[in-house]
Colleague: 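Could you have a look at this structure, given as structure tokens, before my questions?
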Amino acid sequence: MRRWFIGSLIVVAALVAVASYALWRYSKRFEPFVREQAIRYLEQRFRSRVELGSLRISAPVASLWRIRQTALKVSGERLVLHYRNRTDLPPLVSLAKFEVESTLESLWKSPRRIHEVRLERLEINVPPKRERRPVGAVEAPPDPQTDRPSPIPGKPAVTTTPVLVEMIYAKDAALRIYPDDRERPPRVFDIHNLRLSGAGTGRALHYTATVANPRPQGIIDVSGEFGPWQTDDPGLTPLSGRYVFTNADLGVFRGIAGILQSTGRFAGVLRRLEVQGETRTPDFRLTGSGNAVPLRTEFRSVVDGTTGDTLLQPVRATLGRTGFVAKGGVVRKPGAKLRHVSLDIVMQKGQIEDLLRLAMRGQRTLMQGEINLRAKLEILPHDLATVERLLLEGNFDLDKTYFSAGGIQDKIDTLSRRAQGQPRNEQIADVLSAIRGAFRMRNGDIAFSGLKFRVPGAEIDLQGSYGLYSEAIDLRGTARLEARVSQTMTGWKRWVLKPVDPFFSKQGAGTFLPIRIDGTRTNPHFGLDRRKDGPAENATRARRS
């Protein structure tokens with residue numbers, strides 16, 4: 001019995017050794033055929049010249065007893081696909097290493113199934129639209145170096161059997177989309193933990209991935225459908241899905257700051273995506289001045305994947321408690337190196353304190369009330385030689401305005417009493433103002449033109465400026481009062497000024513005076529304007545500033 005058992009072990013060992021040797025010899029003979037078929041399939045699928053470094057095939061000996069379930073592993077290095085045989089363009093696809101796992105049974109079926117593919121250092125380069133082959137163009141003639149017969153007699157040189165890949169993993173990958181302008185760099189998306197499933201000819205595949213957004217920097221978790229691949233123009237490959245964008249630092253755009261979070265969905269092709277979603281920036285602020293104010297938006301946009309240009313199709317936003325609608329985009333003008341932000345803004349019945357809190361230092365705002373606003377906002381690229389990148393101009397209309405900072409409201413109340421000819425009437429208090437005008441903000445200063453200020457009994461027209469950083473006020477203009485100049489005074493001054501009432505009663509007003517407002521936000525000064533230049537010169541100065 002012992003001799004029989006030992007003999008049996010020797011026979012089994014010999015059979016395993018022979019089988020291993022046979023498998024090794026078969027795999028070595030089979031490798032050239034697999035290599036040829038892989039190259040031909042990729043060339044046919046992507047219409048690209050293929051370069052393949054090394055390729056190896058292995059199969060566990062234990063699976064030989066069930067030949068149909070034999071597991072196969074194909075590994076290789078340095079796989080490159082040149083778009084349309086163009087070696088002057090970045091390769092369409094390149095990767096450092098790959099591993100393919102399947103079984104003999106899966107490869108015998110139709111479609112041929114590959115269970116799993118693992119890729120290392122995957123790079124996908126989408127060529128510029130100008131480099132795609134025009135519709136109807138004649139294909140290049142076959143390359144005699146690649147159109148070789150099969151190394152295995154009796155096997156077809158080009159397989160037409162469809163291939164289905166069940167799962168593809170890529171730990172680190174990069175997607176580069178090249179614009180038509182040769183002077184512009186490509187848009188680069190670093191993709192981490194990419195997972196694709198259901199890949200096959202003529203069908204979309206499902207994906208999940210983590211993407212590092214280049215500008216503003218942040219992390220995007222995304223999932224959706226990709227494909228089918230468009231061989232003639234990869235930029236027209238369909239792409240759709242949902243995303244979660246976190247920790248996007250808006251500080252890369254000069255003039256603003258804050259950390260943005262966004263969720264939404266998108267659909268389109270690589271070169272043009274329609275995106276719908278919402279953003280939340282709890283600490284939105286203007287750099288160099290102002291306070292953080294929460295900003296929320298709901299948006300629809302069109303994104304050009306080649307340039308990063310984004311066209312906003314109206315954005316509905318809420319700044320603090322104030323809602324507004326913005327339309328415009330983040331685009332790069334012809335000849336410019338960087339993009340700039342350009343928005344048309346419409347605000348109805350907003351809260352002025354939300355805007356002032358954003359633009360001014362300190363927690364206490366200058367005034368409270370409702371505002372209607374039409375403005376154009378621009379954030380210039382930082383390569384321009386300007387002190388400030390933030391430009392804002394438009395017109396506004398404030399109603400039911402109450403001044404809440406410093407002693408401004410007390411002075412407004414006093415103005416209203418005197419303008420109505422009741423300087424001692426303390427019941428005239430906390431009067432509400434109405435203000436409208438046009439403005440232009442640049443380099444930290446706001447220039448006002450056509451500024452009209454009304455309180456009960458008075459109407460004031462002003463031109464001038466306000467410094468966001470210095471908080472300095474410099475406004476000049478005219479005041480029209482219902483009361484005569486003598487009625488604005490008390491006691492003996494009232495009687496002394498009666499003879500001069502006719503000199504100040506002009507243009508249908510009881511009193512018409514040139515005035516000035518200067519000082520600072522917390523300590524303003526009101527008085528007569530005794531300088532020689534009048535309101536016309538002030539208007540010219542305001543327009544120039």
Side-chain angles (χ1 to χ4, degrees), residues 34-35 38-56 73-87 89-102 114-128 131 163-178 185-201 203-214 219-231 233-241 243 269-271 273 305-306:
V34 173
R35 177 189 179 90
I39 291 176
R40 292 298 181 88
Y41 172 77
L42 293 173
E43 287 177 340
Q44 193 177 56
R45 175 69 182 88
F46 295 100
R47 299 183 188 176
S48 301
R49 176 184 173 186
V50 176
E51 296 179 4
L52 177 58
S54 62
L55 184 139
R56 298 174 297 277
K73 177 183 286 188
V74 180
S75 58
E77 298 179 351
R78 300 185 304 279
L79 177 62
V80 178
L81 279 68
H82 293 285
Y83 177 66
R84 298 289 190 179
N85 300 330
R86 294 280 300 275
T87 57
L89 295 175
L92 180 64
V93 177
S94 67
L95 52 93
K97 295 181 180 180
F98 65 90
E99 288 186 357
V100 179
E101 294 184 5
S102 187
I114 296 175
H115 299 318
E116 184 175 297
V117 176
R118 294 186 177 273
L119 310 175
E120 292 187 21
R121 296 202 294 270
L122 169 65
E123 293 184 2
I124 301 175
N125 297 291
V126 177
E131 299 293 351
V163 176
L164 176 63
V165 181
E166 295 178 353
M167 194 68 64
I168 302 175
Y169 297 97
K171 185 177 181 181
D172 291 298
L175 171 64
R176 293 183 176 87
I177 304 178
Y178 286 81
R187 293 281 291 172
V188 180
F189 298 89
D190 293 323
I191 304 173
H192 309 292
N193 303 318
L194 174 63
R195 178 174 176 174
L196 306 168
S197 60
T201 304
R203 59 185 295 174
L205 52 85
H206 181 75
Y207 69 89
T208 60
T210 301
V211 180
N213 192 67
I219 300 299
I220 305 176
D221 292 315
V222 61
S223 62
E225 302 292 325
F226 177 73
W229 183 264
Q230 300 300 303
T231 304
D233 185 359
L236 296 180
T237 300
L239 177 66
S240 62
Y243 74 90
V269 297
L270 286 176
R271 283 202 178 92
L273 290 174
T306 63

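Just the heavy atoms: all of them, side chains too, but no hydrogens, waters or symmetry mates, feed the values below. Note that the numbering runs from 1 along the sequence shown for the chain. Just so it is clear, the model here is predicted, and its values are computed rather than measured.
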Colleague: Between Leu194 and Leu196, what is the shortest heavy-atom contact and its length?
Modeller: CD1-CD2, 3.8 Å
Colleague: Do Leu79 and Leu81 touch side chain to side chain, with heavy atoms closer than 4.5 Å?
Modeller: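 Counting from C-beta outward, Leu79 and Leu81 do come under 4.5 Å.
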Colleague: Within the side chain of Asn125, is there an N or O that forms a donor-acceptor pair under 3.5 Å with the backbone of Arg176?
Modeller: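 Checking the backbone N and O of Arg176 against the side chain of Asn125, no donor-acceptor pair under 3.5 Å is found.
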Colleague: Rounded to the nearest 0.5 Å, how far apart are CZ of Arg195 and NE2 of His206?
Modeller: 8.5 Å
Colleague: Just how far is it from atom CZ of Arg118 to atom CD1 of Ile168, taken to the nearest 0.5 Å?
Modeller: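 Arg118 atom CZ to Ile168 atom CD1 measures 12.0 Å (nearest 0.5 Å).
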Colleague: Are side-chain heavy atoms of Tyr178 and Pro186 found at a separation under 4.5 Å?
Modeller: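 They are in side-chain contact.
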Colleague: Tell me the closest heavy-atom pair linking Ser48 and Tyr83, and the distance in Å.
Modeller: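 For Ser48 and Tyr83, the tightest heavy-atom pair comes out as OG-CA, 3.6 Å.
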Colleague: Could you tell me which non-hydrogen atom of Leu122 sits nearest to which non-hydrogen atom of Ala170, and how far apart they are?
Modeller: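 Heavy atoms only, the tightest pair is CD2-CB, 4.3 Å.
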Colleague: Taking only residues two or more places apart in sequence or in another chain, which ones pass salt bridge (charged side-chain N to carboxylate O under 4.0 Å, His left out) with Glu225?
Modeller: none
Colleague: To the nearest 0.5 Å, tell me how far Arg49 CZ sits from Leu92 CG.
Modeller: 14.0 Å
Colleague: Between Leu270 and Pro234, what is the shortest heavy-atom contact and its length?
Modeller: CD1-O, 3.5 Å
Colleague: Just by distance, do the side chain of His192 and the backbone of Lys171 share a donor-acceptor pair under 3.5 Å?
Modeller: no
Colleague: Could you walk me through whether Tyr207 and Val222 pass the side chain to side chain contact (heavy atoms under 4.5 Å, CB included) check?
Modeller: CA-CA 8 Å; Tyr207 69 89; Val222 61; 3.8 Å; yes
Colleague: Measuring from atom CE of Met167 to atom CD of Glu116, what distance do you get when rounded to the nearest 0.5 angstrom?
Modeller: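 Result: 8.0 Å between the selected atoms.
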Colleague: Between Asp190 and Ala174, what is the shortest heavy-atom contact and its length?
Modeller: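 What the structure gives for the nearest pair is OD1-CB, 4.1 Å.
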Colleague: Would a distance-only check, ignoring hydrogens and angles, find a side-chain to backbone donor-acceptor pair under 3.5 Å from Ser94 to Val80?
Modeller: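 Pair absent, no side-chain N/O of Ser94 close to backbone of Val80.
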Colleague: Please name all residues satisfying salt bridge (charged side-chain N to carboxylate O under 4.0 Å, His left out) with Arg78, sequence neighbours left out, ordered by chain then number.
Modeller: none
Colleague: With distance as the sole test, does Gln230 use its side chain to make a donor-acceptor pair with the main-chain N or O of Pro228 at under 3.5 Å?
Modeller: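 Checking the backbone N and O of Pro228 against the side chain of Gln230, a donor-acceptor pair under 3.5 Å is found.
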Colleague: To the nearest 0.5 Å, how far apart are NZ in Lys73 and CD in Glu101?
Modeller: 5.0 Å
Colleague: Quiz question: by atom type and distance under 3.5 Å, do the side chains of Arg56 and Ser54 form a donor-acceptor pair?
Modeller: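 Short answer, yes.
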Colleague: Could you tell me the separation between the CG atom of Leu236 and the CZ atom of Arg271, rounded to the nearest 0.5 Å?
Modeller: 6.0 Å
Colleague: Return the minimal non-hydrogen interatomic distance between Glu77 and Phe98, and the atom names on each side.
Modeller: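 Closest pair (atom of Glu77, atom of Phe98, distance): N-CE2, 3.9 Å.
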